[in-house]
Amino acid sequence: MKRAKIAGTGSYVPLNRMTNDDMSNLVETSDEWIASRTGIRERRISTGENTSDLAYEAGVRALQASGLTAMDIDLIICATISPDSFMPSVACMVQERLGATRAAAFDLSAACSGLIYGMACASSFIETGMYQNILVIGAETLSKTLDWTDRSTCVLFGDGAGAVILSPSDTGKGISFIQLLSDGSKQDYLCLPAMPLRNPLIQEENSQSQVITMKGQEVFKFAVRSITDHINTVLKNMELSSVDIKYIITHQANYRIIEQAAKSSKIPMDKFYMNLDRYGNTSAATIGIALDEMAQNDMIQSGDKLILVGFGGGMTSGAVLVEWD
Ligand code: COA
């Protein structure tokens, strides 16, 4: 059984920057409030590109980084909660645009844990030998899912896409531990309704609006606990200590969440990579964008161990231990 390694990373964000000052022209807020409560300074907001456009661009870059061609790809998984359409999937749209005609393709819904869930699926397919090269993309245009009059949510999120290509490792390095968790009893913490039930048998109109709603403080506590528990589980199961870990890349939602998780797991903050000041929370895309930035800046060398941790609506969470190949 061969482990899956990360063979390439890619990311793409829309050009258009929206600063906290720009947000204060839309809702009653301030740079001071947003930055001090969340660490976010600006986010990218699409002026026309949809989720499949961002996903495609991230996929192209991941392919380039891996040295593979579109015809080498066996499967495309796109993690998203903001697809262009329920059908066709974003993954199928990306498959067509890449010309990855050999690939199977599907979307996956695990909110901000989506890339971790996608990597877990891809890793398992590779370990069984069913597939060789798998493109996993986390892509979102959350800007279309926001209530732009609700200052408690609209300041937090942004648009973007991050991608990884997983391939079999010849060195024994790669993904050695995966943990996925879900807790449907907390499903009301973060919600984004899909189409309301509507048919000739239903009399009353359902006027539920299709925007993100959130119990901010509950999500905050869940996130701190999830990150801490996942890190402890990875370290314990793999008989490692935090000294063995080069970087921890968590879902980028809030600086204070990461700070509290660092404190409760007793790991120095400088091991936690952060870029949420520039992109805000791009849901399934954050971990892929962060990984790609780190790879491009030569921050990760062969043999470095990374823990990736996602958490989000569902509630869902997950962690992956990767030894860089
Ligand atoms: N600007 C200014 N004031 C704001 C504001 C904004 N953007 N958003 C909320 N407020 C106000 C509230 O209306 C409230 O005012 P009130 O006391 O007069 O009622 C006050 O700030 C405090 O609100 P509260 O919700 O208690 O703030 P908080 O300290 O919990 O911080 C979050 C709010 C959203 C920053 C915080 O709860 C959080 O980050 N939670 C996690 C969210 C997250 O990461 N979600 C995605 C996970 S995948």
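Residue numbers run from 1 in the order of the sequence given. Remember, it's 1-based here, ligands and their atoms both numbered in the order they're listed.
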Give yes if a backbone or side-chain nitrogen or oxygen of Asn281 is under 3.5 Å from a nitrogen or oxygen of ligand 1, and no if not. no
Measure the distance from atom 34 (C) of ligand 1 to every protein heavy atom, then report the residue, atom name and distance (to 0.1 Å) of the closest one. Met214 CE, 3.8 Å
With Ile307 as partner, the option from Val322, Leu235, Ile249, Val320 fulfilling side chain to side chain contact (heavy atoms under 4.5 Å, CB included) is Leu235
Looking only at the side chains, is there a donor atom on one of Asp21 and Ser24 sitting less than 3.5 Å from an acceptor on the other? no
Distance under 4.0 Å to a non-hydrogen atom of Ala253: what atoms of ligand 1 satisfy this? 44 (O)
Under-4.0 Å heavy-atom contact between protein and atom 16 (P) of ligand 1: no
Could you check whether Thr19 and Asp22, counting side-chain N and O atoms only, form a donor-acceptor pair closer than 3.5 Å? yes
Shortest protein heavy-atom distance from atom 41 (C) of ligand 1, along with the residue and atom involved: Gly216 O, 3.4 Å
With respect to atom 36 (C) of ligand 1, which of Tyr255, Phe220, Trp33 exhibits the smallest heavy-atom separation? Phe220
Taking all non-hydrogen atoms of both residues into account, name the closest pair between Trp148 and Val27 and its distance. O-CG1, 3.3 Å
Taking only heavy atoms of Val155 into account, list the atoms of ligand 1 that are under 4.0 Å away from them. 7 (N)
Is the NZ or CZ atom of Arg43 positioned over Tyr279's six-membered ring, under 6.0 angstrom from the centre and within 45° of the axis? no
Heavy-atom pairs closer than 4.0 Å: do any link ligand 1 to the side chain of Ile257, the backbone, both, or neither? side chain
Looking only at N/O atoms, are Thr29 and ligand 1 under 3.5 Å apart anywhere? yes
May I ask you to decide whether Asp72 forms a salt bridge with Arg102, counting only side-chain N to carboxylate O separations under 4.0 Å? no
Report yes or no: does a heavy atom of Thr153 sit under 4.0 Å from some atom of ligand 1? no
Starting from atom 35 (C) of ligand 1, locate the nearest protein heavy atom and write down its residue, its atom name and how far away it is, to 0.1 Å. Thr38 CG2, 3.9 Å
Can you find a protein heavy atom closer to atom 5 (C) of ligand 1 than 4.0 Å? yes
For a quick check under 3.5 Å, do Thr38 and Asn254 share a side-chain donor-acceptor pair by atom type? no
Before accepting this row, confirm whether a basic side-chain N of the pair Glu259/Lys263 lies closer than 4.0 Å to the acidic partner's carboxylate O. no
Contact between ligand 1 and His251 is defined here as a heavy atom of the residue under 4.0 Å from a ligand atom; is it met? yes
Out of Cys112, Cys154, Gly39, whose heavy atom sits nearest atom 48 (S) of ligand 1? Cys112
Which ligand 1 atoms, with their elements, are less than 4.0 angstrom from a heavy-atom of Asn254? 38 (C), 39 (O)
Ion pair check, Arg278 and Glu293, cut-off under 4.0 Å: yes
Out of all atoms in ligand 1, which are within 4.0 Å of some heavy atom of Gln217? Include the element for each. 24 (P), 26 (O), 30 (O), 37 (O)
Does the side chain of Asp325 come under 3.5 Å of the side chain of Thr171 through a donor N or O and an acceptor N or O? yes
For atom 12 (C) of ligand 1, find the nearest protein heavy atom and state the residue, atom name and distance (0.1 Å precision). Arg151 NH2, 3.8 Å
Check each atom of ligand 1 against the heavy atoms of Val219 and keep those under 4.0 Å away; list them by number with element. 43 (C), 45 (N), 47 (C)
Within a 6.0 Å radius of atom CG on Leu15, are there more than 12 heavy atoms belonging to other residues, nucleotides or ligands? no
Test item: side-chain donor near acceptor, Lys236 and Thr233, under 3.5 Å: no
Measuring only between side-chain heavy atoms, which start at C-beta, is Pro14 closer than 4.5 Å to Ile45? no
Given Gln252, Arg37, Lys215, identify the one with the heavy atom nearest to atom 29 (O) of ligand 1. Arg37
Protein non-hydrogen atom found under 4.0 Å from atom 26 (O) of ligand 1: yes
Within the 4.0 Å heavy-atom shell around Glu28, which atoms of ligand 1 are there? 1 (N), 2 (C)
Is the shortest heavy-atom distance from the side chain of Asn275 to the side chain of Gln252 under 4.5 Å? yes
Protein non-hydrogen atom below 4.0 angstrom of atom 19 (O) of ligand 1 present: no
Any N or O of Ile34 closer than 3.5 Å to N or O of ligand 1: no
